[in-house]
Amino acid sequence: MPQANILKSEVITDSAAPFVVSFSSRGPNTVTRDIIKPDITAPGVNILAASSSYRRGNEPVNYTLASGTSMSCPHAAAAAAYVKTFHPQWSPSAIKSALMTTAGHIDPARAVNPGLVFEALEGDYVKMLCDIGYDSKRIRYIARGNSSCAEGKRGAAKDLNYPSMAAYVYSKRPFNIKFQRTVTNVGISKSTYKVKIAREPGINVNVNPKVLSFKSLGEKKSFVVRVVGRGLPVGSIVSGSSVWYDGTHSVRSPIVVHTIRT
C-alpha cells in the first residue's frame with residue numbers, strides 16, 4: 001500500500017499572481033469577436049496529478065507535474081460541480097455566471113454566493129447562432145430539435161445575456177455600442193445594488209439604471225450599458241468593467257472594445 005507524508009503548505013505572497021502564463025491564449029475570440037474568451041482562469045501550471053500514460057524511461061509513473069489546459073479545465077469543472085452542490089436547481093449558465101462575476105481567477109467559495117446571475121438558456125444561444133449567420137438547417141443539426149431562425153432583422157452576438165460584454169469596432173471610426181443585460185437575484189431577497197464603473201481612456205461607459213432594487217429571490221431586472229468612443233487605432237483593445245454592489249456582493253462584468261481582426 002503506497003504511503004505519503006502530507007506537510008503543511010508554505011504560503012508565499014506574490015503581487016504578480018495570478019496571471020495568465022505565456023503559452024496560454026489571451027484572446028480575442030477567433031470565432032465570435034463579440035464574446036470575450038477566455039472567460040476565466042484556473043490553476044494550470046505545474047499541477048501534480050495522477051497519470052495513466054506518462055513514463056520515465058521504461059517505467060510507468062503514477063503521478064506527474066503537468067501544465068496546460070488539461071490541468072486548468074478539471075479545476076474549472078470541479079468548481080462548477082462544487083457550486084452545483086449548493087444550488088442543484090441552477091442552470092449551467094447561472095453557475096458559469098457565478099464563477100465569472102465573482103473572480104477573474106476562479107474562486108469557488110465566492111461563486112457559491114454571487115448575489116446576481118446572468119442566465120442564457122438554449123433559446124438564447126439558438127438566437128445568437130442565428131444572429132451570427134447560422135441557418136435553420138445548421139441550427140437543427142446543433143440543437144437536435146426543431147429550432148429555427150426567426151424572420152426579420154437579426155442582432156449580434158453581443159446581445160446574448162452573457163456575464164461579460166465585448167464588441168468589435170472598425171478602427172478610427174466613432175462608435176456607440178449598446179449592451180442590454182438581465183440579472184436574476186439569487187442573493188438577499190430585499191436588496192439594492194448600485195453600479196460602479198471603471199474604464200480606460202478611449203471610451204466612456206454609461207449604465208442605465210444605476211440602481212437595481214429587488215423585493216424577492218428569483219426576481220429579474222434589466223439594465224443597459226452604453227459604450228461610446230471617438231475611434232480606436234488598428235489592433236487596439238480598451239477595457240473597463242461594471243460592478244453591481246449591494247454592500248455584500250460584488251458582481252463584476254468585464255467590458256471590452258477592440259479593433260483586432262481575427
Side-chain angles (χ1 to χ4, degrees), residues 14-47 49 66-87 90-121 124-125 128 157-168 179 181-184 186-187 195-200 225 237-245 248-258 260 262:
D14 185 343
S15 60
F19 62 90
V20 179
V21 70
S22 60
F23 58 76
S24 182
S25 172
R26 286 168 166 77
N29 189 342
T30 59
V31 178
T32 309
R33 291 178 288 184
D34 289 348
I35 300 290
I36 297 176
K37 292 293 178 180
D39 292 314
I40 197 167
T41 65
V45 177
N46 288 339
I47 305 299
S67 301
T69 302
S70 298
M71 294 291 100
S72 61
C73 279
H75 282 88
Y82 176 76
V83 175
K84 184 76 170 178
T85 62
F86 288 87
H87 306 286
W90 279 14
S91 66
S93 62
I95 294 173
K96 182 175 184 177
S97 173
L99 293 170
M100 288 176 61
T101 59
T102 53
H105 188 70
I106 206 161
D107 189 338
R110 288 185 62 195
V112 168
N113 185 21
L116 305 174
V117 294
F118 298 77
E119 281 203 285
L121 305 180
D124 301 305
Y125 278 95
M128 185 204 73
K158 67 178 180 60
D159 300 326
L160 181 68
N161 196 44
Y162 212 62
S164 60
M165 294 167 244
Y168 167 80
F179 300 99
R181 293 293 186 267
T182 299
V183 289
T184 304
V186 295
V195 70
K196 299 178 181 179
I197 298 296
R199 63 176 181 85
E200 292 181 329
V225 178
I237 300 176
V238 180
S239 63
S241 65
S242 67
V243 179
W244 291 101
Y245 183 64
T248 301
H249 308 93
S250 291
V251 187
R252 182 181 182 274
S253 291
I255 302 170
V256 170
V257 179
H258 69 95
I260 298 178
T262 55

* Run the numbers on Ser67 and Ile47 for side chain to side chain contact (heavy atoms under 4.5 Å, CB included), then give the verdict. => CA-CA 6 Å; Ser67 301; Ile47 305 299; over 6 Å; no

* Audit row: His87, Val112, side chain to side chain contact (heavy atoms under 4.5 Å, CB included) steps and yes/no -> CA-CA 8 Å; His87 306 286; Val112 168; 4.1 Å; yes

* To do: For side chain to side chain contact (heavy atoms under 4.5 Å, CB included), just list the numbers for Ser164 and Ser253, CA-CA rounded to whole Å, side-chain angles, deciding distance to a tenth of an Å, and then say yes or no.
  => CA-CA 5 Å; Ser164 60; Ser253 291; 5.7 Å; no

* Ile260 and Tyr168: CA distance, side-chain angles, deciding distance, side chain to side chain contact (heavy atoms under 4.5 Å, CB included) verdict -> CA-CA 7 Å; Ile260 298 178; Tyr168 167 80; 5.8 Å; no

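Annotation: Lys196, atom NZ; neighbour count of heavy atoms from other residues, nucleotides and ligands within 6.0 Å does not exceed 12. Around the CZ atom of Phe23, the shell of radius 6.0 Å holds more than 12 heavy atoms that belong to other residues, nucleotides or ligands.
Closest heavy-atom contact between Lys158 and Ala166: CB-O, 3.5 Å. What you find for Ser70 and Pro74 is that their closest heavy atoms are O-CD, 3.0 Å. Nearest heavy-atom pair, Ser97 versus Val117, reported as atom, atom and distance to 0.1 Å: OG-CA, 3.4 Å. Across every non-hydrogen atom of Tyr125 and Ala120, the tightest pair is CE1-O, 3.4 Å. Heavy-atom minimum distance, Ala76 versus Ala42: N-CB, 4.4 Å. The two residues Val243 and Ser250 come nearest to each other via the heavy atoms CG1-CB, 4.0 Å.
Atoms CZ and CD1, on Phe179 and Ile255 in that order, are 7.0 Å from each other to the nearest 0.5 Å. In this structure, OG1 on Thr102 lies 6.5 Å from CD1 on Ile40, to the nearest 0.5 angstrom. Rounded to the nearest 0.5 Å, atoms OG (Ser241) and CD (Glu200) are 10.0 Å apart. Here CZ of Arg181 is found 13.0 Å from CH2 of Trp244. Values are rounded to the nearest 0.5 Å. To the nearest 0.5 angstrom, Met71 atom CE is 8.5 Å from His75 atom NE2. One finds the CG atom of Asp34 at 6.5 Å from the NE2 atom of His258 (value rounded to the nearest 0.5 Å).
Between the side chain of Asn29 and the backbone N or O of Ile35 there is at least one donor-acceptor pair closer than 3.5 Å. The backbone N or O of Leu121 lies less than 3.5 Å from a partner atom in the side chain of Asp124, making a donor-acceptor pair. In terms of modelled atom types and a separation under 3.5 Å, the side chain of Arg26 and the main chain of Val20 share a donor-acceptor contact. For His249 (side chain) and Pro114 (main-chain N/O), no donor-acceptor pair under 3.5 Å exists by modelled atom type.
Using a 4.5 Å cut-off on side-chain heavy atoms (C-beta onward), Phe19 and Thr41 make no contact. A heavy-atom distance below 4.5 Å is not found between the side chains of Leu116 and Val186. The shortest side-chain heavy-atom distance between Val195 and Tyr245 does not fall under the 4.5 Å cut-off. You'll find the side chain of Met165 reaches within 4.5 Å of the side chain of Val225, heavy atoms only. In this structure, Val83 and Leu99 have side chains that are in contact, with non-hydrogen atoms separated by less than 4.5 Å.
Classified by interplanar angle (parallel below 30°, tilted 30° to 60°, perpendicular above 60°), the ring pair Phe86/Tyr82 is perpendicular.
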